[in-house]
Number of protein chains: 2
Amino acid sequence: MTTIYQVSELAGVSLSSVSRVMNNHQHVSENTKNKVLAAMEQLDYRPNETARSLASSCSNCIGILVSELHGPFYGDMLSGIESELRAVGKHSIIAAGHSDESSEIEAIRFLIDRNCDALILLVDAVSDDYLINLSKGSTPFALINRQIPELTENCFYLDNKLGGYLATKHLLDQGHREIAYISGPISKQDANERLIGHKNALTEFNLEFNNDLFFEGDFLTKSGQIGIKKLLEGKQKFTALSCANDEMASGAMRGARDFNLDIPADCSIMGFDNAFFTEYLYPQLSTIDYPIKNMAQMATHWILKNVYKKSNLTIENLFTPTLILRESTTSI
Amino acid sequence: MTTIYQVSELAGVSLSSVSRVMNNHQHVSENTKNKVLAAMEQLDYRPNETARSLASSCSNCIGILVSELHGPFYGDMLSGIESELRAVGKHSIIAAGHSDESSEIEAIRFLIDRNCDALILLVDAVSDDYLINLSKGSTPFALINRQIPELTENCFYLDNKLGGYLATKHLLDQGHREIAYISGPISKQDANERLIGHKNALTEFNLEFNNDLFFEGDFLTKSGQIGIKKLLEGKQKFTALSCANDEMASGAMRGARDFNLDIPADCSIMGFDNAFFTEYLYPQLSTIDYPIKNMAQMATHWILKNVYKKSNLTIENLFTPTLILRESTTSI
DNA sequence: TTGTAAGCGTTATCAT
DNA sequence: ATGATAACGCTTACAA
């Protein structure tokens, strides 16, 4: 391994000068700069990032915590972050929290221990208070898909209420009046807000929320299948179904087939998230786009701006969902 | 930040003793050990991993390079690696290579510069020679989904030939004799081997490979749709189709619908990889399981064993694909 | 078993 | 503008 010493020796200058040109400090003469650059080139010198971190107490490393690494959602997020980061010579280290509180907390400690300059967190098990407290520590962090009033600056979230509204509004616009809803766990903020949006749309059309048309799932495929079964077996008929995410919608499509229902002719189905696989389904799923990649990039920009002091970056915290019309919904 | 100094002071022992108990060295008396542990506890001491890396020239960090972070495949891989690694206090840093040669090379340099103790590479743009040369460097690496004779120890790969064979063999067993094939880019090793497996199965049944029943796609959905269209428009009839991956199979299913074909009644379709979304499709896709998560974990074990000298780990390099029967195939 | 002291490869603070 | 020199927080001979 070639070190800064050897470069300085070959260039005939001191350590400090080499360090200065490495870090683009001003007040270095063209002459020494050239000598150093030449020596670096000749030795194929690569600075030791660990040593730089230790000396500068800046690791150029961002910690990322997500619930799960697999699944259709997080890949887009990571991919957005990785490209932004590597373009500026920084990198990320990634951990999974598995939506379990103690596991998430442990993972956050793990990342902080690794001297991450900042964190990007997609967590749902940890409490608001924990995060508010964490914000008093010395590691800045961005929160994705979460809204905490005390931490607005750090939060990058979707207008879930609007999303839920948009989904149901679309069905209403198509003439549906009996609209079932399969929710995520209402204990989760996003699931809850999407449901509120659904209710808002109903209200706008002077429709009352009917509990017989409601099923609380767990965001997984299977619960969509189970949900639609329960709904179909209930007394209350419906011509459309809005689901709080695409997985459950896909499960619902399967469940509908078990009842020999034709989609969308017999029942329109809406998803939420616009996961890549929605295009693979038959019929292709109408859904609500969740711009997760943009959000992840924005969180990265926020860190670039606030931690690494890059300017020229405008930050937005609230993201707008959009309606994606495909084949699974039709007018009545 | 509390350092080892403060711990040693509070415990009333030297730096080295603290370091020794941190690293579980033998030859430390119960007494000092307890004092140190107590002091650590009291100060909530967390060792500075950067400093440890620098002093020990071991970063406890594995670099991971994949083609893309999104898509149905890599999440499982990363998830397998992350859990194995964090369980032993190590971590990973992740980069994407985008199947572009210079980009992959740059990413590898990037990871090596970060002092990764080892790498896990899922690369397809970089040449065998490059990797053989890389193996002479000081950073050990594991290769996933690739087989290089000179580097057999480092390679963790699927028996793609067997997979291709299994897929077509299943179709043959079901009575099909006119079997079309949609391949990946044959310039890619895995695509090529899967095709060979297909041909082997045909041969076993005394069938000749028919070029009119062959289409070379690019592993993406769209090419499956285009492929089956071309095939259906050709003169040669077929009752079954084997695809070199699930994306193309899903595209083919869509393409078949454009021709009002019923699957599997009019045409059986096989996929390859067993991506999670194959269960969401209708009908659910029969496919070949690619145990990517196991393979990633095995690569991690290999590193644990060879780089970190953990014993009790048996390493296997070749993985066996298995047939997953679902709804998209039926006997004739 | 324990402590001393010399690194690890940088950055950063001073002088000059 | 440049160069000594002291950190950065830890590991690891080597000595005791």
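Lettering follows sequence order; numbering is per chain, from 1. Not measured: the values here are computed from a predicted model.
Put simply, CD on A:E30 is 13 Å from C1' on D:dA1, counting in whole angstrom units. As rounded to whole Å, 20 Å separates atom C1' of C:dT10 from atom CZ of B:R52. With rounding to whole Å, B:I4 atom CD1 is found 16 Å from C:dA5 atom P. Between B:Y5 atom OH and C:dT4 atom C1' there is a gap of 11 Å when expressed in whole angstrom units. Computed from coordinates, the B:N60 CG to C:dC8 C1' distance equals 15 Å when rounded to whole Å. With rounding to whole Å, B:D117 atom CG is found 15 Å from C:dC8 atom C1'. Computed from coordinates, the B:H25 NE2 to D:dA13 P distance equals 9 Å when rounded to whole Å. Distance, B:L15 CG to D:dT12 C1': 12 Å, rounded to whole Å.
With hydrogens and angles ignored, no donor-acceptor pair under 3.5 angstrom links the side chain of B:S29 to the base of C:dT2. For D:dG9, the base has no donor-acceptor partner in the side chain of B:R46 [N/O atoms by modelled type, under 3.5 angstrom].
Set against D:dG3, D:dT11, C:dT10, the side chain of A:S17 has D:dG3 as its closest nucleotide. You'll find that the side chain of B:A51 is closest to D:dC10, out of D:dC10, C:dT13, C:dG3. Here D:dT12 is the nucleotide among D:dT12, C:dT11, D:dC10 with the atom lying nearest to any side-chain atom of B:S16.
At least one side-chain heavy atom of A:L304 sits under 4.5 Å from a side-chain heavy atom of A:V88.
Between B:N48 and D:dC8 there is no side-chain N or O to OP1 or OP2 distance below 4.0 Å. Considering only side-chain N and O atoms, B:Y45 lies nowhere under 4.0 angstrom from the phosphate OP1 or OP2 of D:dG9. For A:S14 and D:dG3, the shortest distance from a side-chain N or O to OP1 or OP2 is below 4.0 Å.
Heavy-atom distances to DNA chain C give each of B:T32 and A:P47 a nearest nucleotide, and the one nearer the 5′ end belongs to B:T32. When the nearest nucleotides of DNA chain C are assigned to B:K33 and B:L54 by heavy-atom distance, the more 5′-ward of the two goes with B:K33.
Counting non-hydrogen atoms under 4.0 angstrom, B:V18 reaches nothing in the nucleic acid. A:T3 comes within 4.0 angstrom of sugar-phosphate atoms only, judged by non-hydrogen atoms across all strands, and of no base. Here B:S53 lies out of heavy-atom contact (under 4.0 Å) with every strand. Heavy atoms of B:S19 sit under 4.0 angstrom from at least one base atom.
In this structure, the side chain of A:D128 does not engage the main chain of A:I148 through any donor-acceptor pair within 3.5 Å.
Looking only at atom types and distance, the side chain of B:T152 has no donor-acceptor partner in the side chain of B:N154 under 3.5 Å away.
Using a 4.0 Å cut-off between charged side-chain N and carboxylate O, B:R52 and B:E49 make a salt bridge.
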Audit row: B:I64, B:V66, side-chain contact (heavy atoms from CB on, under 4.5 Å) steps and yes/no
CA-CA 7 Å; B:I64 316 282; B:V66 297; 4.2 Å; yes
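Not counting sequence neighbours, B:Y74 has no partner by the ring-ring contact (aromatic ring centres under 6.0 Å, His included) test.
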